Amino acid sequence: MMDFMDAKMKAAVTNLFEGESEMTALTDDSLSLKMNPCLSIDMWLTKEDTSLVVNVRKTYLIDNVPRVVVEESYDSHWHLLKTSTVSSSLLWRDEEIKERPHL
C-alpha cells in the first residue's frame, strides 16, 4: 500500500475476506486505513517524555455512521499503554427503539 501511495496510485489491495482494504492517507508520522466498509483505522506517533507512542483509533461504522470508537496507545515495543472505548449514543438509542412494543 505504501508503494502505491508513493506512486500516487489508489493504495488498495484485496484482503483475506476477498474485500478491498485501502490506505487513504500517509505521512511521516501517521496513516489512515479503510479496512472494509465497517472499519477504519488511524495510526499516528506522538512523543511522551523521551518515548515514542503509537496511537491507534479504530472506528466501527454501521450504515456509514460511527458507532464505536476504540483508542489505544502502545509503546515502541507494541506493549499496550492504555485503551478507551466510546460508544455512540445512537447505538444505544437503536437498541431502545427495538425493545419498544410496536403498534
Side-chain angles (χ1 to χ4, degrees):
M1 289 180 169
M2 294 170 83
D3 290 338
F4 291 146
M5 289 291 285
D6 286 342
K8 308 288 187 235
M9 298 170 59
K10 182 177 179 181
V13 296
T14 301
N15 60 38
L16 292 175
F17 299 107
E18 300 300 320
E20 183 178 271
S21 296
E22 180 181 3
M23 182 180 291
T24 56
L26 177 65
T27 68
D28 289 341
D29 60 359
S30 68
L31 65 87
S32 295
L33 301 167
K34 182 178 178 186
M35 299 303 294
N36 58 46
C38 298
L39 173 62
S40 296
I41 299 176
D42 298 298
M43 300 174 71
W44 66 98
L45 292 174
T46 56
K47 197 168 199 173
E48 290 185 15
D49 300 321
T50 59
S51 303
L52 283 177
V53 175
V54 179
N55 301 285
V56 179
R57 179 185 301 124
K58 299 173 189 170
T59 304
Y60 298 89
L61 302 127
I62 299 172
D63 296 328
N64 291 323
V65 177
R67 299 299 178 111
V68 178
V69 176
V70 178
E71 291 194 359
E72 302 164 326
S73 296
Y74 297 89
D75 66 16
S76 60
H77 298 285
W78 287 100
H79 298 123
L80 183 64
L81 299 173
K82 64 182 175 181
T83 186
S84 65
T85 302
V86 177
S87 298
S88 167
S89 60
L90 293 174
L91 181 63
W92 304 118
R93 181 85 173 120
D94 288 350
E95 290 303 318
E96 178 186 317
I97 289 170
K98 284 182 197 175
E99 292 175 4
R100 288 185 182 173
H102 291 49
L103 299 175

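Keep in mind the model is a prediction, meaning the values are calculated, not measured.
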Check the pair K58 / M35 against side-chain contact (heavy atoms from CB on, under 4.5 Å), numbers first and verdict last.
CA-CA 10 Å; K58 299 173 189 170; M35 299 303 294; over 6 Å; no
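- There is a path of hydrophobic side-chain contacts, each under 4.5 Å, that joins W78 to V70.
- In summary, the side chains of D49 and S51 do not present any donor paired with an acceptor at a separation below 3.5 Å, with no hydrogens or angles considered.
- Interatomic distance, OG of S21 versus CG of N15, reported as 4.0 Å (0.5 Å rounding).
- A donor-acceptor pair shorter than 3.5 Å can be found between the side chains of T46 and N55.
- If you chain together hydrophobic residues whose side chains sit under 4.5 Å apart, I62 and F17 never meet in one group.
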Evaluate the side-chain contact (heavy atoms from CB on, under 4.5 Å) criterion for residues V54 and L45: first the C-alpha distance (whole Å), next the side-chain angles of each, then the deciding distance (0.1 Å), finally the verdict.
CA-CA 5 Å; V54 179; L45 292 174; 3.7 Å; yes
Carefully, step by step, assess L33 and M1 under the rule side-chain contact (heavy atoms from CB on, under 4.5 Å).
CA-CA 10 Å; L33 301 167; M1 289 180 169; 3.8 Å; yes
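- One hydrophobic cluster, built from ILVMFWY side chains closer than 4.5 Å, cannot hold both L61 and V86; they sit in different ones.
- The line from NZ of K10 to OG1 of T24 is 11.5 Å long, rounded to the nearest 0.5 Å.
- Note: the hydrophobic cluster containing M2 also contains V56 (ILVMFWY, side chain heavy atoms under 4.5 Å, direct or indirect links).
- You'll find the side chain of V53 reaches within 4.5 Å of the side chain of L81, heavy atoms only.
- By the rule that hydrophobic residues join a cluster once side-chain heavy atoms approach within less than 4.5 Å of another member, L52 and L31 end up as members of separate clusters.
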What verdict does the salt bridge (charged side-chain N to carboxylate O under 4.0 Å, His left out) test give for E71 and R57, after you've listed the backbone C-alpha separation in whole Å, the side-chain angles of each residue and the deciding distance to 0.1 Å?
CA-CA 4 Å; E71 291 194 359; R57 179 185 301 124; 2.8 Å; yes
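- The backbone N or O of W44 sits nowhere less than 3.5 Å from a side-chain atom of S30 that would complete a donor-acceptor pair.
- Within 6.0 Å of atom OH in Y74, more than 12 heavy atoms from other residues, nucleotides or ligands are found, so the atom counts as buried in its surroundings.
- Within the model, atoms CE of M23 and CD1 of I41 stand 11.0 Å from one another, a figure rounded to the nearest 0.5 Å.
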